[in-house]
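Hydrogens, waters and symmetry mates are skipped; everything else that's a heavy atom, side chains included, is used.
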Amino acid sequence: MKKIFLFFSLTALSLSGYAELSDPVVIEDASIKSISPNGKYAVSQGSSGLRILDFTQANENSKFKESDYEEYYAGDGNCVSDNGVVVASTPTNTNAQYWKDGTWHSLPSPSYARTSNHAQGISADGSRICGTLRVAGMGGAEDVLMVVPCIWNAEGNGYGSPVILPHPDFDFSNSVPQYITAIDISADGKVIVGQIRDVCALNYPIIYKENESGEWSFEIPYEYLINPDHLEAVPFPGDGPIMPQFESFMTQEEIDAYNEVYQEYVSSGYQIPCPEYWEFMSPQEILAYNEAADEYNEKAIAYNEKFYAWADFVYAVANSSPNYAFNQVRISPDGKTIGSTVIVEGDNIDPLTGFPKVDNSVWLLDLTSDKIGKYNKDGDLNIYYIANDGVGIATTSPGTVCNSYILENGEAIDIVTWMNSKVPAYASWINENMVFPYEEEVYDDKTGNYDFIYKEGVMTGRATATPDFSMISLSVQNIWDYMDDGMAYVFDLKGADGVETVRPASDEMTIYDLSGRKLKNAKAPGIYIINGEKKVVR
């Protein structure tokens with residue numbers, strides 16, 4: 001059963017210009033992942049699939065037109081353009097896809113690429129898509145790069161063949177990395193951010209830039225953060241020697257004889273002695289096998305020395321370098337700032353999970369300087385979006401309660417406080433309407449048991465926005481009814497300037513303080529918004 005909400009009529013006025021603000025758009029069963037830069041389209045991704053919201057086709061019955069697609073997963077970067085093109089992948093064969101004019105299309109894929117190709121981000125005008133191609137499988141005998149970064153450029157009514165972006169052949173340890181990705185793209189399509197996932201699953205960002213001549217280059221931003229102690233690199237030794245097998249030294253007749261006795265051993269319920277390969281081999285075959293085994297042992301000893309030296313080096317680097325969360329990297333539309341979630345694993349065990357406690361913080365890396373903004377909020381912040389001018393949006397981890405924060409000037413400001421400073425009427429609306437029940441699991445150190453405490457409070461969920469924050473959405477994870485995807489709220493901030501006020505729906509006196517809280521009276525001295533006008537009470 002869906003949760004029922006009550007909404008008050010919200011028609012806000014700006015004291016400087018009297019620009020009208022619209023009611024928030026409330027969308028059931030939705031979790032908005034991305035908004036187009038111009039605010040005309042949004043993409044929701046949840047357990048029920050992908051939904052495309054078109055705010056340009058509003059009518060008297062709905063404030064948007066939507067299209068539902070169960071078999072698609074939206075890209076991890078900005079996945080919708082100003083002209084409504086959406087990039088995604090399919091779960092069945094995970095081929096890169098794009099949605100245009102109401103139809104899904106497959107992006108071209110070269111013959112050497114396997115499935116598991118992904119479209120991740122799209123430029124504001126829809127002219128360029130970034131993503132990845134799977135070029136090798138798992139578990140190969142040789143060390144090979146499995147995923148490479150690429151772009152698809154608009155061509156005719158669709159997109160041309162993918163262009164592989166330049167990338168390093170080796171990671172920081174002179175080993176072949178597992179993946180090199182392209183996740184998010186600037187509004188003009190000329191700057192792309194991805195990650196290098198090295199051979200031991202350590203992640204760090206990579207930037208691709210296009211110059212005026214259309215040539216691409218790459219760089220590792222803040223590379224000095226990797227191996228900050230300047231340890232001498234030890235290359236990955238590759239795959240170890242292969243142990244010799246008895247069958248390689250036996251005739252087919254000997255192998256068949258062994259298998260026959262082995263089946264008798266199984267049929268007996270393992271009661272008779274288990275046969276040994278060497279019992280069916282000639283003395284010459286046994287000698288040849290032993291010589292091969294001795295050679296293998298010598299190679300294994302030498303290989304293990306190299307492997308452990310490499311492992312010690314990688315472990316030391318991993319302990320001193322930032323541990324960037326996989327696929328959690330974003331770039332601002334102006335291409336000047338990238339953001340990543342950085343994970344630090346603690347020494348204490350989390351009693352709820354049985355795993356070491358981790359501290360998640362968000363780092364905003366300024367590509368035009370050496371400035372790094374490091375943001376933490378009780379050890380649980382994850383990057384979700386970066387607007388222009390390097391203002392970030394981060395969320396706490398999915399779970400019982402999830403809230404969003406604005407990252408700016410070294411502070412992580414909760415979204416309600418931030419909204420108070422922009423549009424107090426919207427902040428008041430959130431406080432009155434986005435209150436949800438939840439249960440909190442509390443661990444008792446003395447008894448070793450878990451107690452459930454039922455609470456109720458404001459939740460802002462996951463936020464995303466347009467580059468100038470003229471539109472912002474809040475998607476609250478569903479914790480009251482697991483049969484749907486929760487609720488999404490879209491706030492239109494265009495025209496917000498100065499102190500925003502709420503105009504009463506009747507002649508009733510409506511009073512707010514400057515923080516957006518609704519009051520019963522204005523007896524104490526101060527400045528209030530009374531029936532849409534600023535008043536000073538002395």
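Closest approach of V261 to F280, counting heavy atoms only: CG2-CZ, 3.7 Å. Taking every heavy atom of both residues into account, V329 and G194 meet most closely at CG1-O, 4.1 Å. S173 approaches F313 most closely through the heavy-atom pair CB-CE2, 3.6 Å. When all heavy atoms of M281 and F246 are compared, the closest pair comes out as SD-CD2, 3.5 Å. Of all non-hydrogen atoms in P221 and P205, the two that sit nearest each other are CD-O, 3.5 Å. The two residues D188 and K190 have their closest heavy-atom pair at OD1-N, 3.0 Å.
Between the side chains of D380 and S397, a donor-acceptor pair is found at a separation under 3.5 Å. Side-chain N/O atoms of N78 and S34 include a donor and acceptor closer than 3.5 Å. Side-chain polar atoms of Q263 and N259 form no donor-acceptor pair below 3.5 angstrom. S109 and N117 are linked by a side-chain donor-acceptor pair at a separation below 3.5 angstrom, with hydrogens and angles left out of the test. Defined by atom type and a distance below 3.5 Å, a donor-acceptor pair is present between the side-chain atoms of T368 and D366. Looking only at atom types and distance, the side chain of E247 has a donor-acceptor partner in the side chain of Y277 under 3.5 Å away.
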Take I383 and L364 through the test side chain to side chain contact (heavy atoms under 4.5 Å, CB included) and record every step on the way to the result. CA-CA 9 Å; I383 190 64; L364 299 182; 4.1 Å; yes
Does the pair T103 and H105 meet the rule for a side chain to side chain contact (heavy atoms under 4.5 Å, CB included), with working shown? CA-CA 7 Å; T103 304; H105 309 268; 3.8 Å; yes
Does the side chain to side chain contact (heavy atoms under 4.5 Å, CB included) test come out yes or no for Y204 and F172, once each step is laid out? CA-CA 10 Å; Y204 48 95; F172 75 92; 4.0 Å; yes
Verdict with reasoning, R462 to C402, per side chain to side chain contact (heavy atoms under 4.5 Å, CB included): CA-CA 7 Å; R462 289 188 168 186; C402 180; 3.9 Å; yes
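Residues Y159 and I129 meet the side-chain proximity criterion, which asks for heavy atoms closer than 4.5 Å. Looking at heavy atoms from C-beta onward, K33 lies out of side-chain contact with Y385 at the 4.5 angstrom threshold. For the pair V86 and Y41, the minimum side-chain heavy-atom distance is 4.5 Å or more. By the 4.5 Å heavy-atom criterion applied to side chains, I331 and I192 are not counted as neighbours. For the pair N157 and D101, the minimum side-chain heavy-atom distance is 4.5 Å or more. V147 is not listed as a side-chain neighbour of H118, based on a closest heavy-atom distance of 4.5 Å or more. In this structure the side chain of W363 reaches within 4.5 angstrom of the side chain of L225, judged on heavy atoms. Contact of the P149 side chain with the Y208 side chain is registered, since non-hydrogen atoms from C-beta on lie closer than 4.5 Å.
The CD1 atom of I196 sits 10.0 Å away from the CG atom of N203 when rounded to the nearest 0.5 Å. With rounding to the nearest 0.5 angstrom, the CG atom of L50 is 12.0 Å from the OG1 atom of T90. With rounding to the nearest 0.5 Å, the separation of SG in C130 from CD in Q120 is 7.0 Å. Here the OG1-CD1 distance, from T464 to I32, works out to 8.5 Å after rounding to the nearest 0.5 Å. Taken from CZ in R197 to CE in M146, the straight-line distance is 8.5 Å, to the nearest 0.5 Å. Here the CG atom belonging to D256 is positioned 7.0 Å from the CD atom belonging to E253, to the nearest 0.5 angstrom.
The aromatic rings of Y69 and W104 stand perpendicular to each other, their planes meeting at an angle above 60°, with 30° marking the opposite boundary. In this pair, Y179 and F326 present their aromatic rings tilted. The plane angle is within the 30 to 60° band.
When atom types are taken as modelled, the side chain of Y384 and the backbone of S404 share no donor-acceptor pair closer than 3.5 angstrom. Not one N or O on the side chain of Q97 forms a donor-acceptor pair closer than 3.5 Å with the backbone of A88. Between the side chain of T132 and the backbone N or O of T181 there is no donor-acceptor pair closer than 3.5 Å. Remark: the backbone N or O of S268 is not paired with any side-chain donor or acceptor of Q271 at under 3.5 angstrom. With hydrogens and angles ignored, the 3.5 Å screen pairs a side-chain donor or acceptor of D125 with a backbone N or O of S127. The backbone N or O of T395 lies less than 3.5 Å from a partner atom in the side chain of N382, making a donor-acceptor pair. With Q328 contributing its side chain and T341 its backbone, the two residues share no donor-acceptor pair below 3.5 Å. Under the 3.5 Å distance criterion, the side-chain polar atoms of Q477 are left unmatched by any main-chain donor or acceptor of S475. Side-chain atoms of S321 do not come within 3.5 Å of backbone N or O of A318 as any donor-acceptor pair.
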Could you list the donor-acceptor pairs under 3.5 angstrom formed by side chains in residues 292-299, with sequence neighbours left out?
residue: E295; atom: OE2; partner: K299; partner atom: NZ; Å: 3.2
residue: N297; atom: ND2; partner: A293; partner atom: O; Å: 3.2

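With a 6.0 Å radius and a threshold of 12 heavy atoms from other residues, nucleotides or ligands, Y224 has its OH atom above the threshold. Under a cut-off of 6.0 angstrom, the local environment of NZ in K100 is crowded, with over 12 non-hydrogen atoms contributed by other residues, nucleotides or ligands. In Y73, the OH atom is not crowded: 12 or fewer heavy atoms of neighbouring residues, nucleotides or ligands sit closer than 6.0 Å.
Here K371 pairs with nothing under the salt bridge (Lys or Arg N to Asp or Glu O under 4.0 Å) rule; sequence neighbours left out.
Partner of R128 under the side-chain contact (heavy atoms from CB on, under 4.5 Å) criterion, chosen from S81, S123, S186: S123.
Residues W310 and F307 bring their aromatic ring centres within 6.0 Å.
Annotation: salt bridge (Lys or Arg N to Asp or Glu O under 4.0 Å) contacts involving residues 159-187, sequence neighbours excluded, comprise D184-R330.
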